[in-house]
Number of protein chains: 2
Amino acid sequence: MKMESAAKGETRKKILDLAEALLLSHGYHGFSYQQISKVLGVRNAAIHYHFPHKTDLGVALIQRYRRRFARFTDSQQRLGGQEQLERYFELSETYFAKDRQICPSGVLSTEFPRLPEVMQAEASAFIDEMRSWAVAIALKGRAEATMAYTGEPEAIGAVLFSTLQGALQLARIDENILVTVKNQIRAMLGINMAEFTREGG
Amino acid sequence: MKMESAAKGETRKKILDLAEALLLSHGYHGFSYQQISKVLGVRNAAIHYHFPHKTDLGVALIQRYRRRFARFTDSQQRLGGQEQLERYFELSETYFAKDRQICPSGVLSTEFPRLPEVMQAEASAFIDEMRSWAVAIALKGRAEATMAYTGEPEAIGAVLFSTLQGALQLARIDENILVTVKNQIRAMLGINMAEFTREGG
DNA sequence: TTGACAGCTTACTGACCGGTAAGTAGAGTC
DNA sequence: GACTCTACTTACCGGTCAGTAAGCTGTCAA
């Protein structure tokens with residue numbers, strides 16, 4: 001029977017992709033190896049072959065997020081603060097569009113106390129990187145004078161990060177909150193709304 | 001043996017109290033009847049006697065929140081917008097102080113897609129009430145001219161609600177974010193910080 | 001041709017999950 | 001003293017969870 005045993009690392013990637021979707025929609029404790037193996041058409045133990053413990057899978061997921069997020073920010077270092085902010089906004093829009101997922105930081109911080117220690121460490125580092133990026137955006141916006149706000153960039157970044165995380169979760173109950181919140185943040189950062197009406201949304 | 005079979009409705013209340021703490025720290029799917037019965041010193045089936053299905057317990061918890069929150073807002077109708085805002089802030093502080101709990105809306109919106117339908121309906125109503133109160137605060141602040149902001153009260157309320165929900169979750173990783181975010185919100189609402197330094201932090 | 005290894009499978013374990021049926025002790029009512 | 005109700009208990013159930021041991025198969029290198 002079995003002819004191709006998956007072109008090396010292919011199954012592993014499929015597992016990660018599926019686990020990621022399940023993590024963002026159901027949470028870490030909300031998905032099982034069974035759910036993954038059923039969709040992939042393999043046995044439960046096949047998942048355990050690639051990720052002996054569920055913790056290993058969890059850690060791998062966060063590490064992949066961190067690599068991905070690092071590439072994301074790297075690719076935007078040269079953009080202006082306003083453009084960076086809009087890309088940041090788009091990130092959350094993407095999550096919501098995909099089966100009403102919430103952002104990884106939302107899942108991880110909510111489940112944090114019940115996460116295995118190694119995952120907590122990875123999650124802390126990841127969340128720190130996300131918040132730092134929000135701060136960097138605020139800092140750039142002020143330096144360029146394309147944003148105008150009272151208070152320090154650190155505080156603006158913290159608000160930006162917290163607000164989007166909360167709004168993305170609440171969007172599951174009221175879809176409109178994401179757009180409302182983004183517009184209000186733009187207003188609070190002194191960004192001329194007219195510049196973004198061309199986006200049509 | 002057994003002499004007192006709990007002074008009528010006492011066990012039921014104990015179950016609710018324990019379940020509430022577990023809900024806010026571990027989530028709805030993150031606690032079990034076993035955990036409750038073990039602490040209470042009763043058998044599993046005793047919990048099922050009071051709440052036949054876990055869904056019943058979940059609904060009862062949200063309904064109790066809604067009653068409590070209605071009393072909370074009722075008692076503050078006559079306060080000024082700034083005072084109302086500070087009470088709102090204190091709410092989140094209370095959750096965090098109690099074993100790093102997060103707010104019920106955070107748990108419920110995060111787990112929303114996996115919640116039983118009856119719980120989803122209750123959760124939606126509850127979250128709507130919480131957001132409405134945030135809007136009411138912003139509205140009052142503007143009417144009294146004790147707050148100054150651009151944009152509509154609806155948007156300010158949405159930001160206020162989202163931000164606190166997110167910050168409360170992120171406080172599990174970085175404790176400082178709650179204070180930072182609150183100060184920044186005050187600044188964004190044009191509230192004179194000096195007025196609140198008497199609180200000492 | 002043999003041997004090693006990757007990538008699985010079959011078959012299982014023990015713990016825990018929510019939930020149920022049947023029985024029982026005590027208190028209150030008639 | 002019999003009846004009834006509340007508030008449980010004991011003793012299960014089937015299902016699902018993460019995890020493991022041992023076996024099988026195709027590929028590739030020596």
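Sequence lines set the chain letters: A, B, ... in the order given, protein chains first and strands last, and positions in each chain run from 1. All values below come from the heavy atoms of this structure, side chains included, with hydrogens, waters and symmetry mates left out.
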Using a cut-off of 6.0 Å, state whether more than 12 heavy atoms not belonging to [X] lie near its atom [atom1].
| X | atom1 | result |
| --- | --- | --- |
| B/E117 | CD | no |
| B/R78 | CZ | no |
| A/R43 | CZ | no |

Atom [atom1] of [X] to atom [atom2] of [N]: distance rounded to whole Å?
| X | N | atom1 | atom2 | answer |
| --- | --- | --- | --- | --- |
| B/K38 | D/dT9 | NZ | P | 15 Å |
| A/R43 | D/dA22 | CZ | C1' | 16 Å |
| B/I15 | D/dC8 | CD1 | C1' | 11 Å |

Residue mapping more 5' on DNA chain C - nearest nucleotide basis, A/A45 or B/N44: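 Its nucleotide being nearer the 5' end, the pick is A/A45.
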Pair B/S162, A/Q169: side-chain N/O donor-acceptor within cut-off below 3.5 Å: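 On atom types as modelled, these side chains do not qualify, holding no pair under 3.5 Å.
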Short side-chain donor-acceptor distance under 3.5 Å, A/E111 and B/T110: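 Side-chain D/A pair, B/T110 to A/E111: absent.
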Proximity to DNA chain C (any heavy atom under 4.0 Å), residues of residues 25-36 of chain B only: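 Output list: B/F31, B/S32, B/Y33, B/Q34.
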Selection: residues 46-56 of chain A, any non-hydrogen atom under 4.0 Å of DNA chain C: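 Within residues 46-56 of chain A, the residues near DNA chain C are A/A46, A/Y49, A/H50.
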Ring geometry between B/F126 and B/Y65 (parallel below 30°, tilted from 30 to 60°, perpendicular above 60°):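 B/Y65 vs B/F126 ring planes: parallel.
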SB check A/D128 A/R131 (cutoff 4.0 Å):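 Result for this pair is yes, salt bridge flagged.
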A/T11 vs C/dG7: side-chain N/O to OP1/OP2 distance below 4.0 Å: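 No, outside the criterion.
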A/Y88 six-ring centre to A/K182 NZ/CZ under 6.0 Å and within 45° of normal: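 Here A/K182 fails the 6.0 Å and 45° test against A/Y88.
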